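What you see is a predicted model, and the numbers here were worked out from it, not measured in a lab. First the proteins, then the strands, lettered A, B, ... as listed; each starts at 1.
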There are 2 protein chains.
Amino acid sequence: MTRATVDDLEISLPRLRARLDALAELGAIEGGGCARLALTDDDRLGRDLVVSWMRDLGLRIDVDEIGNVVGTWPPERTDAPVMTGSHIDTVATGGRFDGTLGVLAGIEVLETVITSGVELAHPLAVAFFTDEEGSRFAPDMLGSLVFAGGMSLEDGLAVRAVDGALLGEELIRIGYAGPQPCPARPPHAYVELHIEQGPVLEAEAVTIGAVTGVQGISWTELTIIGQSNHAGTTPMSMRHDAGYAAAEVASFVRRLAADMGSPQVATVGRIELHPNLVNVVAARATITVDLRNTDEELVGVAERRLFEFCDELAEREGVSIERRSLARFAPVDFDERVIALVEEIARARGLSTRRLPSGAGHDAQMLARVCPAGMVFVPSVRGISHNPAELTADADLEAGANVLLHVLLRLATDER
Amino acid sequence: MTRATVDDLEISLPRLRARLDALAELGAIEGGGCARLALTDDDRLGRDLVVSWMRDLGLRIDVDEIGNVVGTWPPERTDAPVMTGSHIDTVATGGRFDGTLGVLAGIEVLETVITSGVELAHPLAVAFFTDEEGSRFAPDMLGSLVFAGGMSLEDGLAVRAVDGALLGEELIRIGYAGPQPCPARPPHAYVELHIEQGPVLEAEAVTIGAVTGVQGISWTELTIIGQSNHAGTTPMSMRHDAGYAAAEVASFVRRLAADMGSPQVATVGRIELHPNLVNVVAARATITVDLRNTDEELVGVAERRLFEFCDELAEREGVSIERRSLARFAPVDFDERVIALVEEIARARGLSTRRLPSGAGHDAQMLARVCPAGMVFVPSVRGISHNPAELTADADLEAGANVLLHVLLRLATDER
């Protein structure tokens, strides 16, 4: 097969769509979405279906001790593969593309490659990782984290679900406690296709995102204690209003993000007041602050400025503000060679492309600990995700899967 | 009996305390508070006890069609009385002074007057009104509102409780659907003793508040519709964050109150976000704004400025903000002669006094529709009310009841 012939290979959109639709029927919810929380019976059904497709293609199927599943071609090859993948678990009100696109596009890429008979310098593998969403078992990206050695197998198996179940027991129950050891042997490289889950590509009419890395995340819960008072009888000067203090924090983080500029983002997504009554000055407020930046130093700057503001606010309003860290991840940089390759392949196929960081976490960031890694983003209609209305246009699914095909082929046919 | 002898009369604190303590045992809750929601079995027990005390004093007891109870001395007099009173229903987590002090101090005043044999130009009456708190049946101050003709009897009887019960049926069930017609014949005058439920008197070390009126109230519920988005993947410039908009409103009303100056108060006591998650830009926020001022025109100014701010905010953030009025009461001015009399009596007894408006609603504001009315406030420790920790010092209870005694005596012995 000539290089030119290889470059002409294309995935089959109807096959990809058929698999996306079939998987979406498992754990289907109203509005066209899915609920396949990690290691539930619906997740098991999804896993079984995806494994059956891998088996039909003749892949070797390896299940590891944390339940990650890897299908490899050619099945007899045991050297480090060029890997793709993602996850098939969803949030409780998930869409049909988040994660599943990466896994099913990976299967489609392998079917295309196998059918074409291209000769590979490195084996190709497609994986789905356990509990990427973290909705049932915290933290998120747990399977790929254990795969990459970022969490011990013992700790992973001992995680309790929000419903009280033990991760290790649930793995056994659904038949996905495999024999392959964790941490796993590092792949040769890892590239993941995913929907953007944000509005940037659509807004700029760009088809292919060459993902530069994953933002660092700081989640802080603030508990503000003021004093409950009658809203009619308490002069403004004598108030210690926890609700007002909460509002000031939410207003501040918007100013903070504006002041620091893109890519800094800052969000107060949760506010709870007590007693939460129209005519009572709130005694207590619990709020969360989500700060993200691609630069680790700037995540620290944002945190420091937030905390300084809270200290000043507490002093000024006569309230106390307690802080609790809910999550803290340093930013991840993807491999420059992979990023440039995504751009090159996209341009070669006449597709518009831009570099952008990922605002959300992905399995690829865990794989980046152990091998050259990168991601391909395709547009999300209106940026909507974690929602049954999640949508990516067929043309974009096809374009993304073709870019994934050729990025993987380039890496797998390169002798290095 | 000479005028000097009359001026020397004093209420008995031990008797007043004993009745306060006995009533507080009915519907007692943890922490020393009370739960006697209007027209419940516990409210019936409270009513029966208070009526038994009225009966023991030889008062004529009249129950009206909305369940208000009036005890009159001398029992044979049917001309318009100088009336005092308040309510004995409580909120679900009430204290032992709110309302009950006014009723039981009234009974104590009548016992003192009856025992002394003072000759009265006008009869004296003590009343307790149905459903002042409004916690079970909306609106609050319902009994005195119907008494004063501000709501028809039919409408009052047809009010449904939060638990589904019908007010008229509950009145019959507990035996307090009386024969006296509503609206009632107006009293000669009405003066009510109440705890301040705010921090002003304590902060200024003043014992007696001469209440000038009741603030006007505007309650507005705002429903802010934005767009749910991923907190990591959505650039700040592309957000329509209902949570941020809610925070901006809460910050604005603080600035509004500061800008308008005392007595304007403004409170956002309730904030609810949806979906209320750490990593999701809120799609929807529901908040309430409580605006109060003693000047009707300024209540309107505050409302207008709030609504203008909301319109600008909606435009700026690309959100929609719907308004719904939850309550709107014009300010009430009490009778200047009563206000001055409260001050005069307090000073004559060597008690510190100041004029102040009431931030909370009271039965007296309904009586002010039909007769000269006023109120006496005594300090609330730390301004705490609607809470089992509600407290007024014994010395202040005694001072307040003595001021009430002499204000009522002055009005009832004056031939006019």
K.L.:
Under 4.5 Å from any heavy atom of chain A, what part of B/Ser262 do you find: side chain, backbone, both or neither?
P.N.:
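Neither; nothing under 4.5 Å.
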K.L.:
Identify the two heavy atoms, one from B/Asp241 and one from A/Arg254, that lie closest to each other, and give their separation to 0.1 Å.
P.N.:
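Reported closest heavy-atom pair: CB-NH2, 4.0 Å.
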K.L.:
Against chain B, work out which of A/Ser228, A/Ala266, A/Gly243 has the most heavy-atom pairs shorter than 4.5 Å and name it.
P.N.:
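Between A/Ser228, A/Ala266, A/Gly243, the count favours A/Ala266.
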K.L.:
Does A/Asn276 reach the main-chain N or O of B/Ile271 with its side chain, forming a donor-acceptor pair under 3.5 Å?
P.N.:
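Indeed, once roles are kept as given, a pair shorter than 3.5 Å links the two residues.
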K.L.:
What part of B/Gln264 gets within 4.5 angstrom of chain A, counting heavy atoms only: side chain, backbone, both, or neither?
P.N.:
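Interface part for B/Gln264: backbone (N, CA, C, O).
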K.L.:
Please state whether the side chain, the backbone, both or neither of B/Asn279 comes within less than 4.5 Å of a heavy atom of chain A.
P.N.:
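Contact with chain A: backbone and side chain both.
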K.L.:
Give me the atom names and distance for the closest heavy-atom approach of A/Ser251 to B/Glu248.
P.N.:
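Closest heavy-atom pair between A/Ser251 and B/Glu248: OG-OE2, 2.7 Å.
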K.L.:
Counting heavy-atom pairs under 4.5 Å with chain B, which one of A/Arg270, A/Glu272, A/His386 comes out on top?
P.N.:
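Highest number of pairs under 4.5 Å: A/Arg270.
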K.L.:
Name the member of B/Ala250, B/Ala258, B/Ala231 that forms the most heavy-atom pairs with chain A at distances under 4.5 Å.
P.N.:
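Among the listed options, the one with the most contacts to chain A is B/Ala231.
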K.L.:
Mind listing the closest non-hydrogen atom pair of B/Pro235 and A/Val200 along with its distance?
P.N.:
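Scanning both residues completely, I find the closest heavy atoms to be CG-CG2, 3.5 Å.
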K.L.:
Considering non-hydrogen atoms only, spot the tightest contact between A/Gly232 and B/Val265 and give its length.
P.N.:
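Shortest heavy-atom contact: O-CG2, 4.2 Å.
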K.L.:
Answer yes or no: are there more than 12 heavy-atom neighbours, outside A/Arg305 itself, under 6.0 Å from its atom CZ?
P.N.:
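Yes, the 6.0 Å shell around CZ holds more than 12 heavy atoms from other groups.
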K.L.:
Do B/Thr267 and A/Arg239 pass the side chain to side chain contact (heavy atoms under 4.5 Å, CB included) test, and can you show the C-alpha distance, the side-chain angles, and the key distance before you say yes or no?
P.N.:
CA-CA 10 Å; B/Thr267 310; A/Arg239 297 183 176 203; 2.6 Å; yes
K.L.:
Are any side-chain N or O atoms of A/Thr233 and backbone N or O atoms of B/Gln197, one a donor and one an acceptor, separated by less than 3.5 Å?
P.N.:
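Checked: pair present.
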K.L.:
Pick one of side chain, backbone, both or neither for A/Val278, based on which atoms fall under 4.5 Å of a heavy atom in chain B.
P.N.:
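Both backbone and side chain of A/Val278 come within 4.5 Å of chain B.
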K.L.:
In this structure, are over 12 heavy atoms from other groups packed under 6.0 Å from A/Arg382 atom CZ?
P.N.:
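Atom CZ in A/Arg382 is not crowded, with 12 or fewer foreign heavy atoms closer than 6.0 Å.
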K.L.:
Okay, side chain of A/Thr234, backbone of B/Gly198: is any donor-acceptor separation there less than 3.5 Å?
P.N.:
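Not at all, since once roles are kept as given, no pair shorter than 3.5 Å links the two residues.
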K.L.:
Heavy atoms only: give me the nearest A/His230-B/Gly359 pair and the separation to one decimal.
P.N.:
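It is CE1-O, 4.1 Å.
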K.L.:
Can you see which heavy atom on B/Ala203 is nearest to which on A/Met238, and at what distance?
P.N.:
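Minimum heavy-atom contact is CB-CE, 3.4 Å.
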